Each structure stands twice: as C-alpha cells, then as structure tokens.
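Keep in mind that the numbers below use all heavy atoms, side chains included, and drop hydrogens, waters and symmetry copies. Letters A, B, ... mirror the listed sequences (proteins, then strands); counts begin at 1. All values derive from a computational prediction rather than experimental measurement.
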Number of protein chains: 2
Amino acid sequence: MATAKTEAFTQAEQDLAAFAKALAHPARIAILKILAAQNECICGKIVDVLPLAQSTVSQHLKELKNAGLINGTVDGPKSCYCINWKAFEKINGKFSFLFSSLKTQNEKACC
Amino acid sequence: MATAKTEAFTQAEQDLAAFAKALAHPARIAILKILAAQNECICGKIVDVLPLAQSTVSQHLKELKNAGLINGTVDGPKSCYCINWKAFEKINGKFSFLFSSLKTQNEKACC
DNA sequence: TTGCATTATCGTAATAAAACGATAAAACAA
DNA sequence: TTGTTTTATCGTTTTATTACGATAATGCAA
C-alpha cells in the first residue's frame, strides 16, 4: 500500500509531520515570506510574483490554509490572505519543543 | 508537469523545503526521537519499535541520511545510526531564522 | 564451509503531490 | 445587460512517495 500509516504514530508526531509537509515546498515558503513581508492582507499580487500558473498558486494557498498556517477571506472579486499568527505560533512551539528535546541529549557523534 | 519547479526559488527556500520534506512523515520524526533518546548510536532495534516493515524503515533511514540529518555506518552485519547534530543545528538555525523573520512583522490579523 | 542474523536494495503496486489548461463563479464597471 | 477582472475548482498528466515482499549482501557463529 502507499497510504502513510499515520494512525500508528502519536498525535504529536502526526501534527509535526503535517506541519512539515505544508512547508515542504519552496513555493509555499515563498508565499509565507510574501505574506509576512506585508503589514496587511494581500489581495492578489501573489500570483504575479511566483513563477507558477495561477491555478497552481491557488492550490498551494489552499494547502497552506488547510494546514492552518494562513487565513483567507473573499473581498469582492479578489481573495485576501494573511498569516494565521496564532496557529503559526502554536505549531512553531511544537517544533521548537522537538528540537530542544532532541538537543538536550548529549550530542555524542559516534558514527 | 509534476516536477516541482525548485529552480525558480532561492537556495534558502529550497533548503528549508528539503529539510521540511525530510520531517514530513511521522515515522521519520519517530526515528529521530528514538535516535535522540539514546546516548549512543543505535544498531538495529529501530525496526522493532516501528510498526513498519523492515524495508520501509530502511527506506526512511535512507531519506533522513540523504537529508543529512543522521549518520550511518556499517558495523559488521548491523548498521548504526545516530543524529548528525552539526547538520541538524545548522538547518534548525535556518528554520528558526525563518520563524523569527516572519514574526518580526507586526502580527496584524486582518482576515 | 555452512548457516544465521541483519540490513540494503530491487521490483512492484497504490496513493499523493505538483503542475497546467480550461472552465466556473463572483463582483464590479461600462 | 454585457463584459472584465480575479480567483477557485475541475480534469488530466506526470512524477514522487509510501509500503511491502523478495532477494542480495555482509559478517559472524557453529
């Protein structure tokens, strides 16, 4: 089978993996940077900056939204996106926790 | 086409995406935890803990190794793995930098 | 040498992801 | 009303990922 055996792992492991998956494409990281570089929501203009088709960008935005990393609202014929800071902080905390928990071990490089 | 247009993005974005991809599966996060929880390299025993076939675990280990997150050496009939702390730190730093650079913006939630 | 234990690799199958074009929907302008 | 702009969705194709069993390779034990 090809379906990931997610059910066999802890919820924390699944959450981290899902978050990592949302970041696992340079286009989505670029989108987050673009959104963060603005003080306000961005309505349009995202497609113009990226070297991807409009439908592809829309797809990436949808994935970021599904992962909870960004918010999106409809503003007339346009759509506005901005970073969901609250969710981002929460999930960033989990990440930092993983790193720190890994790091607290003695860093013996034995191979 | 289905190939990711990685060449269209910055090296930093690609690096982060590649790192995120390595973490984008609960099994690989679980493996990192297992490795970090030990003081020494782990020779064997990884397969026993995970609910996956031996070949699948070997595949995940290979991906972590390719991403530079772990080291692996052959020890007789067994293989020994441990976390590559140096690479991990470096890449973790990049991640933290992304987070902090995102966070330095004012966190206006406008949508 | 022969067998055993361990791990990597190969082959294969099923699902997911990435990308695009075409089309639909929605709100505004003329 | 009709057209324009903007974005989402659908359908499709290509590639990547996940998973497993089977097999190969490796070094040790008997």
Side-chain angles (χ1 to χ4, degrees), chain A residues 1-9 13-14 17-31 34-35 41-67 69-82 111, chain B residues 1-9 13-14 17-31 34-35 41-67 69-82 111:
Chain A
M1 313 164 197
T3 33
K5 282 194 167 181
T6 49
E7 73 285 348
F9 301 95
E13 286 163 352
Q14 291 179 47
F19 174 58
K21 188 179 266 185
L23 297 180
H25 195 290
R28 293 196 284 271
I29 291 180
I31 289 174
I34 294 170
L35 291 179
C41 291
I42 296 188
C43 302
K45 294 293 173 190
I46 300 180
V47 177
D48 303 341
V49 186
L50 297 177
L52 296 170
Q54 180 267 324
S55 57
T56 306
V57 174
S58 187
Q59 202 172 322
H60 282 305
L61 285 167
K62 191 179 179 183
E63 285 177 56
L64 286 172
K65 198 174 175 183
N66 286 341
L69 294 180
I70 65 175
N71 292 121
T73 51
V74 177
D75 175 31
K78 300 184 177 180
S79 281
C80 294
Y81 286 102
C82 62
C111 56
Chain B
M1 313 160 198
T3 33
K5 283 194 166 179
T6 48
E7 74 283 350
F9 300 95
E13 286 164 352
Q14 292 181 46
F19 174 58
K21 188 179 263 184
L23 297 180
H25 195 290
R28 293 196 284 271
I29 291 180
I31 289 174
I34 293 170
L35 291 177
C41 291
I42 296 189
C43 304
K45 295 293 172 191
I46 300 181
V47 178
D48 303 340
V49 187
L50 297 177
L52 296 170
Q54 180 267 325
S55 56
T56 306
V57 174
S58 187
Q59 205 171 323
H60 283 305
L61 285 167
K62 192 178 179 185
E63 286 177 54
L64 286 172
K65 197 174 175 183
N66 286 342
L69 294 181
I70 65 175
N71 292 121
T73 51
V74 178
D75 175 32
K78 301 184 178 184
S79 282
C80 295
Y81 287 103
C82 62
C111 56

Of the listed nucleotides D/dT5, D/dC20, D/dT9, the one nearest the side chain of A/Pro77:
D/dT5
Take atom NZ of B/Lys78 and atom C1' of C/dT7, then tell me their distance rounded to the nearest Å.
11 Å
Sidechain-backbone polar pair: A/Arg28 side chain, B/Ala17 backbone, donor-acceptor under 3.5 Å
no
Side chains of B/Ile31 and B/Val49: closer than 4.5 Å at any heavy-atom pair?
no
Below 4.0 Å: OP1/OP2 of C/dA17 and any side-chain N or O of A/His60
no
Counting just side-chain N and O atoms, does A/Tyr81 come under 4.0 Å of either OP1 or OP2 of D/dT6?
no
Would you kindly give the CG-to-C1' distance between A/Leu61 and D/dT7, to the nearest whole Å?
10 Å
Out of C/dA22, D/dC20, D/dT18, whichever nucleotide has its closest atom nearest the side chain of A/Ser55
C/dA22
Round to a whole Å and report the spacing from NZ of A/Lys62 to C1' of D/dT9.
7 Å
Is the shortest side-chain N/O distance from A/Thr56 to OP1 or OP2 of C/dA19 below 4.0 Å?
no
Has B/Ser79 got a side-chain N or O lying under 4.0 Å from the OP1 or OP2 atom of C/dA8?
yes
Integer-rounded Å distance: D/dT18 C1' and A/Gln14 CD
15 Å
A/Gln54 CD to C/dA19 C1', straight-line distance once rounded to whole Å:
13 Å
Is there a donor on the side chain of A/Glu63 or the base of C/dA17 sitting less than 3.5 Å from an acceptor on the other?
no
Can you find a pair of side-chain heavy atoms, one from B/Leu50 and one from A/Phe9, that are under 4.5 Å apart?
yes
When rounded to whole Å, the CD1 to C1' distance for the pair B/Ile31 and D/dA19 reads 13 Å
Counting C-beta onward and ignoring hydrogens, is there a side-chain heavy-atom pair between B/His60 and B/Thr56 closer than 4.5 Å?
yes
Measure CG/B/Leu50 against P/D/dT18 and give the value in whole Å, please.
14 Å
Given atom CD of B/Gln59 and atom C1' of C/dA8, what is their separation to the nearest angstrom?
11 Å
With a 4.5 Å cut-off on side-chain heavy atoms, are B/Ser58 and B/Gln54 touching?
yes
With a 4.0 Å limit, can you tell me whether A/Lys21 has a side-chain N or O closer than that to the phosphate oxygens OP1/OP2 of C/dA17?
yes
